[in-house]
Amino acid sequence: MAFAYTPGLRVADRTVVRKERRLPLTGETLVKVGDAVSAETVVARTELPGNVKMLNIANILGLPPGDIPELLHAEEGSVIKEGEILGQSKGLFGLFKNTVRSPIEGVFESYNRITGQAVLREPPIPVEIDAYLKGTVTEVLKNEGVIVESVATFVQGIFGVGGETRGEIRVLTEGPDKELTADLIDDSCSGKVLLGGSFVSVGTLNKAIKTGVKAIIVGGFDDKDLKEFLGYDLGVAITGHEKKGITLILTEGFGRMTMASETFELLKSREGMLASVNGATQIRAGVMRPEVAIPVQGEETERTSDKQAGAMDIGSPVRCIRAPYFGRLGTVAALPAELQVLDSEAKVRVLDVKFPDGATVTVPRANVELIEE
Amino acid sequence: MAVASKEITRIMATDCGSTTTKAILIEKKDGEYRLIRRGEAPTTVEAPAEDVTKGVLNAVGEIEDLEGRKFLKPGDEGVQVSPDSPDGVDIYMSTSSAGGGLQMTVAGVVKTMTGESAQRAALGAGAIVMDVVASNDGRLPHEKVADIRRLRPDMILLSGGIDGGTIDHVVELAEIVKAADPKPRFGIGYKLPVIYAGNRDARDLVRDELGEQMELKVVENLRPVLEKENLGPARDIIHELFMEHVMAQAPGYPKLMKWAGHYVDGDWVQVPIMPTPGAVGKLIETVAKNEGIEVMGVDIGGATTDVFSVFKSVEEETVFNRTVSANLGMSYSVSNVLASTGFDNVMRWVPFHMDEADLRNRIRNKMIRPTTIPQMLKELIVEQAIAREALRLALVQHKELATGLKGVAQERTIGDAFEQTQTGATLVNMMNLDLLIGSGGVLSHAPRRSQAALMLIDAFLPEGVTMLAVDSIFMMPQLGVLSEVLPKAATEVFDKDCLIRLGTCVAPSGENRKASILAEVTLTGSDGASSEISIEKGRMLVRPLGVGEKVEAVIRPAKNLDVGEGPGNEWTGQLEGGVVGLIFDGRGRSPFLLPQDDSARIGKLQEWSTALDIYPERFISLEGGE
């Protein structure tokens, strides 16, 4: 095999970033193809059906479900107010009437003659989607959303917490191997996306939240800190919905990990520019990785579509992603076809990686990740 | 399913797991079907590929490399199926669990009755059951509505009421589904499939409620009377809808669905893509039926762990059960194993000290980079410790669902009055279990087979006499789908190439604190020579006996201890060997206890590992740090 496939994370200087901004339900799109949008521009809007309240009117009135329709004061589909009478029993000689009042404002959706249950629905919940990224609308998905494109610096992380946010990039550590410590954060960091080096602790993260930092990008984070930060032990890696007041993006993994220098240098060169970041990670069906996108002026310098995605060849830059070389960067020196025996005695396909210091090591093919430029 | 006019002699089958895509090449040679080659590659639902067929091409490409023949169409346009050409194969088929599998919500009137039957139907079809909604589940109607909406299942199975039974409750459930109006995870604008398999008298009313809003399918009641389940029709329609609605939306699947098939009389016939667990279950059922034994199978994957069992009920009927532990697995879900079982439970299987923070970070890094494999021995040992806990927890969940039908009126005799058995007791009886099959990367790819044997024993704690086996290279899913088209080929390859018999485990069970010898065993070989073995308390012993070899055995347990014939009773029969041999486990069952003291525990783990020759000798010197 001349090349091997391996999953990789993208680190691109200038590339076309295409973002699908889709509504959860069909709705209305508010922009048209060719429109220039800012990250905050609302591009589509819809209304989610309101929450449902179920009310067993027959039970409340103490009558058979089939007897209820003639006692209803509201028609199916009619608008109701909180406290409004929905039904009333005839009582005895017009006295001792039982009454059912609506607990909510909304719509009297339906009544079921079999179960005696009425379905009341609260008013619709409006949902708006913004452009997320400064760019141009290139496609309108009828009633569903839009595609926004932008030439941007684009970096994928490996794991994140927290959803979409944006802010100006600010570099806080001297190098990719330095920890982002609490003393580096001051009031001037408010509203910013901070670039750290190898590590951030939960204490620093909490200070950043208090200071109003929008997001932090670092190499590594401790799992025990993650547990303390979230308040629970994350079981399955589906994140993005946390409301912690900050978005955290790890570029390398868990533990103290020097950020890949090209990632650090690239983001550093964008200091002062506006970044759109998203910590949402889903390591499962339809895998999603956290990302940093920084719209830049001019044209893209590469198109990944011209390359075979995921193809690894001699000389390809790779990152080792498992012990004992975890986090080290190098290039592919050989791709032997034969299976080889590891220290664990497993017999697997391997490759040779050459590190910058000239040392060459053999690692399982599964334990490297292509650095896509 | 139709069989091709020309005999099928070359078969390519793939299984797209959540982590790895596995391809196998089977060919008929000298009158029998045999496995020729296997290949694998990372599954490619993730960016940058976001197309499952890339992983298939890579896995098949590996077979091409190793075999030196062409199996792919020019330009990598799919697997070449060409009966008349020396290149390619005669049939291509695939199973899949990538893309998160099939996620369902089920509903029934009484949680432990129709609710549980619906759950069994969905699980048996290969689904992950996210929620069981029932009239008596303790939630208020609006809470049920909110939960259905939040979970966004791929489809809903609605049951409830025996035929002629309650109608109100069933309609109420339909109303809740209608009010929730959940949207499918994939594909905006599609109607959510809902299957109704409840009281036939409520069908029209359910149609009135859901007919317009949902893609409603009505099938026979899955619990027509209290005493009987009829899960087949519901399972079949789940498979059908899975193909039509769920798979068709996942990245690359429409293409893969077109690739899978063969020519029958010159016409192209597609072979449906089967959910992986459905295919494995089919195979386990076939094994139990063919050999007339009680079987358990476990498939530990990256995201989920499936347990399959065929046990006899009190009425001597064989009952198949499958459960899926949706968040127990070795990669995507590995952190959840730690979260569910706790640090101490994982560490009790590790024969060296380790720092908790270090272990947590290692496990998390496996989760975020799920396709990596342990390069160092120490990492392998840690992964196998986690696997024991994932398997153990999956068995606990299986026991809870693999039960007799609840709510059934039982005839009781005076003798039963003293046995406090309830309806709905678990069918899982480790003493009756004849064969335990392990499958999934961590078991199938364990560098030494003895590692798989000990993982299975530690996690499942088989009692009495039990044959252990592993799926050699994790090909049960492919053989399951093959059994639908060519049962002969599936059976032949399963016997000869897939199932690796590890050997028989003998484990006395019960409490006898005084006994230092749990059982005495007399083994008599085919040459008439006999030998004696003592199963000492707290020790393990292996006696080599090759694959297919058998010895006559008499096992005499100590007082109160049982090896299958009741407490203290002698067991006579044949013991069969395997690649590991005969394993005599004197560590005790009911209860099985590990030493509380750390160094005593580590000492014992090392002793047992040495007895079974699990790891190279240098493992004893391993330390926690790098």
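The sequence lines fix the lettering, A, B, ..., with proteins before strands; numbering per chain opens at 1. A quick note: this is a predicted structure, and the numbers were derived from the prediction, not measured.
- With B:N361 contributing its side chain and A:D222 its backbone, the two residues share no donor-acceptor pair below 3.5 Å.
- Ion pairing between A:D343 and B:R618 holds under the 4.0 Å rule for side-chain N and carboxylate O.
- For a residue to count as touching a neighbouring chain, one of its non-hydrogen atoms must lie under 4.5 Å from one of that chain's; by this rule B:Q384 does not touch chain A.
- Ranked by heavy-atom pairs shorter than 4.5 Å toward chain A, the options B:A179, B:S335, B:G329 are led by B:A179.
- When heavy atoms are compared at a cutoff of 4.5 Å, B:I176 approaches chain A by way of both its backbone and its side chain.
- Only the side chain of B:L380 comes within contact range of chain A, judged by heavy atoms closer than 4.5 Å.
- Ranked by heavy-atom pairs under 4.5 Å with chain A, the list B:H142, B:E175, B:K178, B:H169 is led by B:E175.
- A salt bridge is defined here as a Lys NZ or Arg NE, NH1 or NH2 lying under 4.0 Å from an Asp or Glu carboxylate O, and A:E345 with B:R448 meets this definition.
- Heavy-atom distances place the side chain of B:E209, and not its backbone, under 4.5 Å from chain A.
- With hydrogens and angles ignored, the 3.5 Å screen pairs no side-chain donor or acceptor of A:D223 with any backbone N or O of B:A357.
- Using a cut-off of 4.0 Å between Lys/Arg side-chain N and Asp/Glu carboxylate O, B:R364 and A:D233 are scored as salt-bridged.
- A salt bridge links B:E383 with A:R322: at least one charged nitrogen is closer than 4.0 Å to a carboxylate oxygen.
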